[in-house]
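Atoms considered below: every heavy atom in the structure, side chains included; atoms not considered: hydrogens, waters and symmetry mates. Here is the naming used below: chain letters follow the sequence lines, and residue numbers restart at 1 for every chain. Please read all numbers here as calculations on a predicted model, not as lab measurements.
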Amino acid sequence: MERRVRVRFAPSPTGPLHIGGVRTALYNYLFARQHGGDMILRIEDTDSTRFVPGAEEYINEALQWLGIGIDEGVREGGNYGPYKQSERRDLYRKYTQQLIDAGKAYYAFDTPEELEAKRQEIKNFQYDARTRGMMRNSLSLPADEVKALMDSGAKWVVRFRIEPDQDVVVHDLLRGDVTINSSILDDKVLYKSADDLPTYHLANIVDDHLMEVSHVIRGEEWLPSAPLHVLLYQAFGWEDTMPAFVHLPLLLKPDGKGKLSKRDGDRLGFPVFPLDWTDPKSGERSSGYREAGYLPQAVVNFLALLGWNPGDDREIFSMDELIKEFSIDHCSRKGAKFDFEKGKWFNHEYLMNIDDHELAQLFKPVLEQHGVNLADYSDEYIASAVGLVKSRANFVSDLWNQADFFFQRPTSYSEKDIRKRWKPETPELMRQLAGLLDNADMDDVEDTENLVMNWIDSNGYHKGNVMNAFRLTVVGECRGPHMFEITRLLGREETLARLDAGIKNIQAPAQDA
RNA sequence: GGAGAUAUCGUCUAGCGGUCUAGGACGCCGCCCUCUCACGGCGGAAACCAGGGUUCGAGUCCCUGUUUCUCUACCA
């Protein structure tokens with residue numbers, strides 16, 4: 001019988017969710033949905049010193065915004081809880097004890113200072129089969145001394161006892177079999193005294209096993225410790241149900257070297273987090289994709305294609321299409337440099353294709369930011385305005401720069417365009433145009449256009465000069481959609497008022513030499 | 001230093017021994033459309049890390065080197 005597909009996304013609540021983490025969550029989600037399986041969200045808060053208030057809520061909100069659904073988790077519940085590691089202490093104690101009883105783990109009493117001293121003393125010091133005899137632990141010390149130490153309340157940790165010189169094979173669905181020798185592994189700390197909690201490694205294996213996780217899809221940074229995890233499954237006797245591994249490549253800096261970091265976003269001017277975040281301690285602010293005007297579908301599409309491809313030339317995918325098409329086979333094994341320009345393009349594509357009324361709703365807050373009283377405009381008006389300019393914008397916030405003139409009269413006129421299009425005879429032409437439009441049916445774009453074009457042709461005027469001067473009075477500069485689409489939306493009264501204001505206020509450039 | 005991973009246009013990538021004079025997309029450049037700016041259409045510049053093999057034939061397989069990335073904590 002096929003094993004049910006169960007995957008997990010397991011972030012630490014140590015700050016805002018990094019965009020690379022978002023991609024890992026997305027791939028897990030796609031994989032789960034595709035196989036009709038379960039997506040688990042597990043909070044890995046086993047480092048009490050790095051806990052950041054609000055981080056867990058941030059993770060939930062970010063995933064929800066992106067449409068990455070969770071089947072089991074702290075909020076969602078489920079039959080395998082608790083889903084927060086700090087609430088599973090009893091489990092970890094029990095399984096740690098099991099390893100100790102089986103002789104596969106041991107107590108170590110070395111203080112951080114002692115360990116540091118050893119590292120100074122011996123080049124490439126590693127706590128392992130070769131060196132543990134010279135350290136203070138339950139393997140090297142006499143039993144009565146160990147007991148005395150424990151009874152006296154001395155601090156201890158539990159370390160995994162790794163047998164040297166064993167070839168450990170990690171089956172990775174993306175990279176094939178990765179073999180490494182156990183001698184290069186150290187006796188990892190499984191349980192730490194600092195906060196009476198397990199380390200990632202122990203908690204991870206115990207939880208994945210207990211939660212019946214079938215596939216571990218995580219970042220490449222875990223590949224070097226994957227052999228340790230395999231060894232842990234073996235130590236517990238859980239090899240038969242050990243999950244399959246997929247180690248995804250990392251997201252890299254757009255330029256230079258190394259993996260993508262918050263600093264890069266600040267430096268290059270793009271968000272590295274899904275949502276805005278203010279660090280509760282330092283007060284430091286980080287910008288997010290949502291607040292930067294990105295559409296969640298665009299972020300999902302962009303992220304999906306950063307490390308995965310459908311095998312053909314298609315690039316635009318809805319979440320449902322991604323669920324259908326995603327496959328590990330078509331994932332890249334190479335780290336991907338984060339290409340912000342491509343991200344902008346994705347957003348542009350989605351912005352252009354979104355329904356005008358839907359886009360209008362997203363645009364309203366931006367309008368208010370710019371002091372527009374929404375009560376002055378109908379939803380229909382805003383939707384039309386947005387529909388006319390959306391092909392020119394990358395972000396919702398860009399819409400303002402493109403559509404501002406639909407909500408306010410020009411406050412100034414572009415000097416560059418005046419120089420090019422506002423000739424001495426222009427005011428007279430504009431007066432004639434105003435007279436012409438006074439009788440036009442402005443609601444019909446084609447009629448208005450025919451009327452004006454005929455007037456231009458029959459008088460032998462220059463179309464470009466007339467139209468651009470007209471545009472200058474209405475928009476303030478030479479930009480924007482089709483002129484008669486603009487006038488249709490503004491209406492005759494407003495159009496004529498702007499023509500009038502333009503004639504009065506635009507000063508032709510001095511006829512200097 | 002050690003270990004592992006990795007390697008096609010500037011970037012994301014297609015390619016799974018012949019169909020590759022290497023395809024698509026972003027970005028860049030040019031042309032067309034045009035009252036402006038976009039959108040759209042057309043076109044252009046731009047890549048198989050290096051050296052050895054295997055093979056009738058290698059971007060595709062093998063080896064070596066190199067590159068880049070990650071890991072090397074009582075962090076995840």
Side-chain angles (χ1 to χ4, degrees), chain A residues 10-14 44-47 49-50 108 110-112 115-116 119 123-124 126-127 155-159 170 172 174-175 178-181 183-186 188-195 197-201 203-204 218-227 247 249-250 252 254-255 257-259 302 305-316 329-330 332-346 348 352 388-393 402 414 417 420-421 449 452-453 456 462-472 475 477-484:
Chain A
S12 287
T14 54
E44 306 221 330
D45 56 345
T46 55
D47 185 358
T49 64
R50 293 208 307 160
D110 318 276
T111 65
L115 286 168
E116 186 48 40
R119 292 191 182 105
K123 62 285 154 207
N124 297 331
Q126 178 172 286
Y127 209 120
K155 285 293 182 191
W156 48 263
V157 299
V158 174
R159 284 181 182 271
V170 179
D172 187 294
L174 229 200
R175 299 163 198 275
V178 177
T179 306
I180 78 110
N181 191 282
S183 293
I184 66 143
L185 265 22
D186 62 341
K188 270 275 174 291
V189 170
L190 261 23
Y191 204 93
K192 49 202 156 80
S193 57
D195 40 21
L197 277 166
T199 60
Y200 170 85
H201 307 289
N204 197 264
R218 74 221 306 193
E220 192 182 2
E221 70 267 30
W222 294 110
L223 191 51
S225 51
H247 290 94
L250 268 21
L252 274 20
D255 59 350
K257 301 163 179 293
K259 61 179 172 181
F302 172 47
L305 271 287
L306 220 48
W308 171 83
N309 73 81
D312 54 39
D313 292 343
R314 292 171 299 159
E315 295 208 279
I316 301 299
D329 290 344
H330 275 105
S332 174
R333 296 185 304 271
K334 182 180 70 165
K337 286 189 178 173
F338 194 79
D339 184 5
F340 185 58
E341 287 302 321
K342 187 84 179 228
K344 269 154 72 169
W345 175 78
F346 271 109
H348 179 238
M352 269 198 306
L388 287 174
V389 302
K390 65 184 181 181
S391 72
R392 285 145 246 258
Q402 301 296 334
S414 159
D417 292 327
K420 189 172 178 193
R421 303 292 189 178
E449 181 164 12
V452 174
M453 290 309 151
I456 289 175
H462 185 276
K463 189 176 170 188
N465 285 344
V466 173
M467 291 305 292
N468 281 296
F470 184 23
R471 185 177 286 279
L472 201 43
V475 175
E477 59 184 299
C478 295
R479 64 172 166 89
H482 191 278
M483 199 54 218
F484 299 110

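Straight-line distance between the C1' atoms of B:C49 and B:G41: roughly 38 Å, to the nearest whole Å. When the C1' atom is compared between B:U68 and B:U11, the two are found 15 Å apart, to the nearest whole Å. A distance of about 15 Å separates the C1' atoms of B:A25 and B:U8, rounded to the whole Å. On the P atoms, B:C71 is 38 Å away from B:A46, given to the nearest whole Å. Rounded to the nearest Å, the gap between the P atom of B:A22 and that of B:G44 is 13 Å. Atom name C1', nucleotides B:C26 and B:A14: the rounded distance is 15 Å, in whole Å. If you take atom P in B:G2 and the same atom in B:U67, they sit 13 Å apart, rounded to whole Å. Rounded to a whole angstrom, the distance from the P atom of B:A3 to that of B:G59 is 32 Å.
Of the candidates B:A5, B:G40, B:A3, B:A5 carries the atom nearest the A:Arg175 side chain, counting heavy atoms from C-beta on.
In this structure, A:Arg471 reaches the bases: a heavy-atom distance under 4.0 Å links it to at least one base atom across the strands shown. Base contact: A:Pro481 has a heavy atom under 4.0 Å from a base atom. Here A:Asn124 lies in heavy-atom contact (under 4.0 Å) with a base. When heavy atoms are screened at a 4.0 angstrom cut-off, A:Gly307 is found touching the sugar-phosphate backbone but no base atom.
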Base versus backbone protein contacts along nucleotides 70-76 of chain B [heavy-atom cut-off under 4.0 Å; B, S, -]: SS--BBB
Strictly under 4.0 angstrom, non-hydrogen atoms only: write out the protein contact profile of nucleotides 42-47 of chain B, one letter per nucleotide from the 5' end, B, S or -. ------
How does each nucleotide of nucleotides 58-65 of chain B score, in 5' to 3' order, for protein heavy atoms under 4.0 Å: base (B), sugar-phosphate only (S), or none (-)? --------
Counting primed atoms plus P, OP1 and OP2 as sugar-phosphate and everything else as base, spell out the protein contacts along nucleotides 25-33 of chain B at 4.0 Å heavy-atom distance: B, S or - for each nucleotide, 5' to 3'. BS-------
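To the nearest 0.5 Å, the span separating OG1 on A:Thr111 from NZ on A:Lys155 amounts to 13.0 Å.
Just one residue in the list A:Phe338, A:Phe340, A:Trp308 forms a ring pair (Phe, Tyr, Trp, His ring centres under 6.0 Å) with A:Phe302, and that residue is A:Phe338.
Residue whose closest nucleotide on RNA chain B sits further toward the 5' end, between A:Leu174 and A:Arg314: A:Leu174.
Residues meeting the ring-ring contact (aromatic ring centres under 6.0 Å, His included) test with A:Trp345, sequence neighbours left out: none. The ring-ring contact (aromatic ring centres under 6.0 Å, His included) check on A:Tyr127 picks up nothing, with sequence neighbours excluded.
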Could you check A:Lys342 against A:Glu315 for side-chain contact (heavy atoms from CB on, under 4.5 Å), going step by step and ending with a plain yes or no? CA-CA 11 Å; A:Lys342 187 84 179 228; A:Glu315 295 208 279; 3.1 Å; yes
